[in-house]
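Indexing begins at 1, ligand by ligand and atom by atom, following the structure's order. Start at 1 with the first residue, then count along the sequence.
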Amino acid sequence: MTAQLLSTLPNKTELKILPRHVAVIMDGNGRWAKAKGLPRIEGHRRGANTLKETLRYCKDLGIETLTAYAFSTENWGRPHTEVSFLMALFEKLLRKELKEMHQEGVRINFIGDLTILPQSLQREMQHSMEVTKNNNNVHFNVAINYGSRHEMVKACRAISEKVRQGKLDPETIDEDTISNYLYTAASPDPDLLIRTSGEMRLSNFLLWQLAYTEIYVTDIFWPDFDRQQFDRALRAYQKRDRRYGKVL
Ligand code: FPP
């Protein structure tokens, strides 16, 4: 780790209490654009750039996993032009950034119901997951057409089917069983959730996985969420007293 990086952090000893897994609700792209008199899509373009920088910073710091909420099951209710723009942006970014992400050792994974996304986007997603599957510098989960309740319904159906086939004893179902049937089975639960642009809600994001996650909300719009802002979130996290419901 470089001297410059160390100097941006609270202090050297606190490095060991960095979160292993950070999740982000990237809100405020539209408001950022509006405040600057720009079209909403410009906010999404800038937001994508911020996401790229955030991922790189996680890698530099040694944060193992970043999970980003890029498109929810509810986002289909936006104007058709905006939805089409976002789908095209995801695809374009994957084509453009895959090589660099692979070189930087990023393992990319998409979570959500991908089956109803445009075919060409699905192909790029599958390709990028296949190419990067053995990378280990940083795990990057991107939630697209993701909804936590839908994820849980899907898990319940899959578990019930196993029971119906006689392959699973209902008595043995525990919290780990449920976790293993979610899209995020391969990742530990997030330690820190960051939500930009001030809203105090979870918006159907990782409801099961966030049970004991520390939540940090900032008024900053996502496109302005830079390394300094991330450091602030990390400092706030480091001051939290994580008790997991126990008296310690
Ligand atoms: C929320 O802002 C942002 C989104 C719904 C889209 C986020 C997508 C990106 C940042 C691009 C990511 C790219 C990849 C490849 C994953 P908003 O539109 O809800 O803003 P508002 O609340 O101010 O209207």
Side-chain angles (χ1 to χ4, degrees), residues 22-59 65-102 104 106-114 117-118 120-129 131-132 138-148 183-184 187 193-206 217-226 229-230:
V22 175
V24 286
I25 300 180
M26 310 180 286
D27 203 7
N29 291 347
R31 278 165 279 173
W32 178 91
K34 192 173 174 207
K36 293 197 154 29
L38 297 168
R40 286 178 61 83
I41 56 171
E42 197 48 40
H44 294 316
R45 251 192 222 115
R46 288 294 294 262
N49 204 45
T50 300
L51 181 57
K52 187 176 153 190
E53 290 304 316
T54 304
L55 177 65
R56 185 166 287 147
Y57 197 34
C58 285
K59 193 200 86 178
T65 306
L66 175 70
T67 299
Y69 204 8
F71 194 88
S72 73
T73 46
E74 290 72 34
N75 284 154
W76 296 106
R78 294 184 173 216
H80 177 69
T81 47
E82 184 169 337
V83 171
S84 305
F85 174 83
L86 281 169
M87 295 299 148
L89 178 68
F90 298 150
E91 192 172 329
K92 191 175 128 199
L93 285 169
L94 274 180
R95 286 219 176 89
K96 188 164 152 265
E97 305 293 343
L98 179 61
K99 194 169 161 211
E100 203 178 319
M101 284 199 288
H102 187 38
E104 293 192 28
V106 175
R107 183 165 88 202
I108 188 160
N109 183 37
F110 290 94
I111 63 172
D113 179 5
L114 310 181
L117 299 174
S120 54
L121 175 56
Q122 286 188 49
R123 275 196 297 275
E124 287 302 324
M125 288 170 156
Q126 295 304 338
H127 175 63
S128 63
M129 288 193 276
V131 168
T132 63
V138 62
H139 297 169
F140 182 33
N141 297 321
V142 184
I144 295 190
N145 192 28
Y146 175 87
S148 190
Y183 293 121
T184 49
S187 301
L193 169 75
I194 298 171
R195 179 165 191 152
T196 55
S197 97
E199 249 89 51
M200 300 282 185
R201 54 177 173 261
L202 295 178
S203 300
N204 203 14
F205 187 46
L206 304 177
V217 177
T218 169
D219 286 337
I220 297 287
F221 295 141
W222 175 252
D224 289 331
F225 191 81
D226 58 13
Q229 294 299 334
F230 202 142

Among protein heavy atoms, which lies nearest atom 13 (C) of ligand 1, and at what distance?
L93 CD1, 3.5 Å
Under a 4.0 Å threshold between the charged nitrogen and the carboxylate oxygen, would R201 count as salt-bridged to E74?
no
Could you tell me the residue and atom name of the protein heavy atom closest to atom 14 (C) of ligand 1, and the distance to it rounded to 0.1 Å?
F90 CD2, 3.7 Å
Could you find the nearest protein heavy atom to atom 2 (O) of ligand 1 and give me its residue, atom name and distance?
N29 N, 3.3 Å
Would you mind checking which non-hydrogen protein atom is closest to atom 1 (C) of ligand 1, with the distance to 0.1 Å?
M26 O, 3.0 Å
Would you check whether E199 reaches within less than 4.0 Å of ligand 1, judged by its heavy atoms?
no
What protein heavy atom lies closest to atom 18 (O) of ligand 1? Include the residue and the distance to one decimal.
R78 NH1, 2.8 Å
Of all protein heavy atoms, the one nearest atom 16 (C) of ligand 1 is V142 CG1, 3.4 Å
Min side-chain heavy-atom separation Q126-M129 under 4.5 Å:
yes
Taking the side chain as every heavy atom from C-beta outward, state whether F230 and I194 have any atom pair closer than 4.5 Å.
yes
If we ignore hydrogens and angles and just use 3.5 Å, is the side chain of N75 paired with the main-chain N or O of S72 as donor and acceptor?
yes
Which residue supplies the protein heavy atom nearest to atom 22 (O) of ligand 1, what is that atom called, and how far is it?
R31 NH2, 2.8 Å
Side chain or backbone, does D27 bring an N or O within less than 3.5 Å of an N or O on ligand 1?
yes
So, regarding G30 and ligand 1 (criterion: nitrogen or oxygen to nitrogen or oxygen, under 3.5 Å), is there a contact or not?
yes
With atoms numbered from 1 as shown, which atoms in ligand 1 lie under 4.0 angstrom from a non-hydrogen atom of L51?
12 (C), 16 (C)
When you check the gap from the basic side-chain N to the acidic O, do E91 and R95 get nearer than 4.0 Å?
yes
Which of parallel (below 30°), tilted (30 to 60°) and perpendicular (above 60°) describes Y69 and F205?
parallel
Of all heavy-atom pairs between G43 and P223, which one has the smallest distance, and what is that distance?
O-CG, 3.8 Å
Please confirm whether W32 comes within less than 3.5 Å of ligand 1 when only nitrogen or oxygen atoms on both sides are compared.
no
For K34, is the NZ atom crowded, meaning more than 12 foreign heavy atoms sit under 6.0 Å from it?
no
Grab the two heavy atoms, one from Y146 and one from I111, that are nearest each other, plus how far apart they are.
CB-O, 3.9 Å
Honestly, for R40 the part within reach of ligand 1 (heavy atoms, under 4.0 Å) is side chain
Identify the protein heavy atom lying closest to atom 6 (C) of ligand 1, giving its residue, its atom name and the separation to 0.1 Å.
A70 O, 3.4 Å
Give a yes or no on this: more than 12 heavy atoms of other residues, nucleotides or ligands lie within 6.0 Å of atom NZ of K36.
yes
When you measure from the heavy atoms of A68 to every atom of ligand 1, does any distance fall below 4.0 Å?
no
The answer for which part of T50 has a heavy atom under 4.0 Å from ligand 1 is neither
